[in-house]
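To find a chain, count down the sequence lines: A is the first, B the second, and so on, and within it residues start at 1.
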Number of protein chains: 2
Amino acid sequence: MVRQPSINAQNRAPLSIERITEAALQIVDGQGLGRLTMRRLGDALEVEAMAIYHHLPRGKEQLLDGLVAHVASGPADTGAAAGSWRDVLRSWAGDYRARLLAHAGVLPLVVTRRNPAALAATVASLREVLRRGGVREESAAVAAHTLLGYVIGHAALEVRGTEEDGADRAVDWDARFTAGLDLILSGAG
Amino acid sequence: MVRQPSINAQNRAPLSIERITEAALQIVDGQGLGRLTMRRLGDALEVEAMAIYHHLPRGKEQLLDGLVAHVASGPADTGAAAGSWRDVLRSWAGDYRARLLAHAGVLPLVVTRRNPAALAATVASLREVLRRGGVREESAAVAAHTLLGYVIGHAALEVRGTEEDGADRAVDWDARFTAGLDLILSGAG
DNA sequence: ACCTGAACACCGTTCAAGT
DNA sequence: ACCTGAACACCGTTCAAGT
């Protein structure tokens with residue numbers, strides 16, 4: 001009788017921080033942050049929950065930090081993008097918003113004190129775009145924070161689905177976001 | 001021997017939703033959201049944790065909803081305030097920001113799907129101020145969402161204390177907030 | 001009506017042990 | 001080096017029982 005070539009620990013892909021983070025993100029996106037537990041994460045990875053601690057010694061805290069880093073660090077290559085700096089920021093903001101909404105479950109974590117480094121890098125890259133666009137240093141600092149604050153706050157409002165002043169008339173969030181963005185960009189610089 | 005007039009359940013102030021919410025807010029502000037547990041809340045109220053369920057049948061979910069309602073519903077009497085509508089909004093935004101920062105521990109809850117009614121009311125009152133100020137309906141809707149999104153998002157950035165592009169040069173958050181606010185208000189209307 | 005006590009199913013995490 | 005199993009202290013919540 002032919003036996004399968006060892007259905008044991010050996011021929012599973014080994015655990016790694018990347019695989020763990022990816023699986024965690026999938027649970028959060030699919031079932032919500034509240035259902036992300038070490039035991040369930042272990043199940044998803046076909047491993048006992050305790051195995052995870054070997055790769056993330058700081059445990060769940062470290063896991064959540066990783067999730068924030070994954071979604072809160074800004075979209076890359078803002079530098080290479082074409083067009084005026086306003087166009088660059090417009091497309092950056094669109095990308096960032098899309099990412100926040102795609103992983104809405106981690107928004108509460110982004111808002112918590114976790115992992116300031118990720119957001120600091122994002123702010124820095126925004127300021128760089130503004131500075132290169134010829135905006136004065138002080139104005140660039142203000143505009144960067146204003147823009148990032150707006151994108152995060154607006155994403156939060158969207159996720160919660162605020163209705164138009166009590167009536168349940170649907171809001172066109174895409175149009176709303178773009179209009180607010182233009183309002184900010186027109187005042188910047 | 002004179003006995004104290006019955007140190008038992010009878011002469012404690014009876015539990016109420018207000019007292020429960022107040023105690024919960026105190027725990028969150030003082031120790032963080034993570035340390036708000038039904039058992040600890042019971043201790044603070046000098047009662048068994050299970051007694052809380054008699055007043056909040058939906059349990060912890062309802063408790064958290066109450067916290068959000070308490071901090072996310074906008075400051076009152078925006079209507080009676082004096083000055084131009086820009087001044088009214090400026091002072092409203094300052095008050096709202098102060099409240100969010102005073103209860104930073106609940107910010108993650110505000111960002112979660114809980115209790116959309118509180119935020120909807122806030123948006124509605126903002127639009128009313130703008131409408132009365134003579135701003136067109138469509139612009140008022142945009143400005144209201146932009147402003148609220150900015151205030152919430154900026155509060156989140158502040159709480160996390162993003163450093164100035166990696167260097168730990170301190171940020172003057174008050175000035176930063178006001179400048180961003182002016183940027184938005186100058187474009188509105 | 002209001003609160004308690006015991007119990008249940010579930011957490012995150014530790015630690016010694018296996019391979 | 002990498003994973004498991006059992007255990008610990010702690011959750012939220014239910015339910016029957018007390019007053």
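- Shown here are the side-chain hydrogen bond (donor to acceptor under 3.5 Å, both in side chains) partners of B:Glu137, two or more places apart in sequence or in another chain: B:Arg127.
- Within the structure, every pair that satisfies the side chain to side chain donor-acceptor pair (under 3.5 Å) test and touches residues 32-41 of chain A, not counting sequence neighbours, is listed here: A:Gln31-A:Arg35.
- Sequence neighbours left out, not one pair with a member in residues 21-41 of chain A passes ring-ring contact (aromatic ring centres under 6.0 Å, His included).
- For A:Glu61, the side-chain hydrogen bond (donor to acceptor under 3.5 Å, both in side chains) partners are A:Arg114, not counting sequence neighbours.
- With respect to the salt-bridge test (charged N to carboxylate O, under 4.0 angstrom), the residues A:Asp174 and A:Arg97 qualify.
- For the contact set between residues 50-64 of chain B and DNA chain D, defined by any heavy atom under 4.0 Å, the members are B:Met50, B:Tyr53, B:Gly59, B:Lys60.
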### Task
Give the dot-bracket string for DNA chain D, reading 5' to 3', where a pair is Watson-Crick or G-U wobble with both distances under 3.5 Å, ( ) marks pairs inside the strand, [ ] marks pairs crossing earlier ones, | marks a partner on another strand, and . marks unpaired.
||.|||||...|||||.||
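- Every pair tested for salt bridge (Lys or Arg N to Asp or Glu O under 4.0 Å) that includes a residue from residues 116-125 of chain B fails, sequence neighbours excluded, so the list is empty.
- Partners of A:Glu18 under the side chain to side chain contact (heavy atoms under 4.5 Å, CB included) rule, at least two apart in sequence or in another chain, are A:Ser16.
- Remark: B:Asp87 pairs with B:Arg90 by the salt bridge (charged side-chain N to carboxylate O under 4.0 Å, His left out) rule, at least two apart or across chains.
- For the segment residues 31-41 of chain A, the set of residues with a heavy atom within less than 4.0 Å of an atom of DNA chain C comprises A:Leu36, A:Thr37, A:Met38, A:Arg39, A:Arg40, in numerical order.
- Residues passing the side-chain hydrogen bond (donor to acceptor under 3.5 Å, both in side chains) test with B:His103, sequence neighbours excluded: B:Asp29.
- When the side-chain hydrogen bond (donor to acceptor under 3.5 Å, both in side chains) test is applied to A:Asp43, no partner is found at least two apart in sequence or on another chain.
- Rounded to whole Å, atom P of D:dT4 lies 5 Å from atom CD of A:Glu48.
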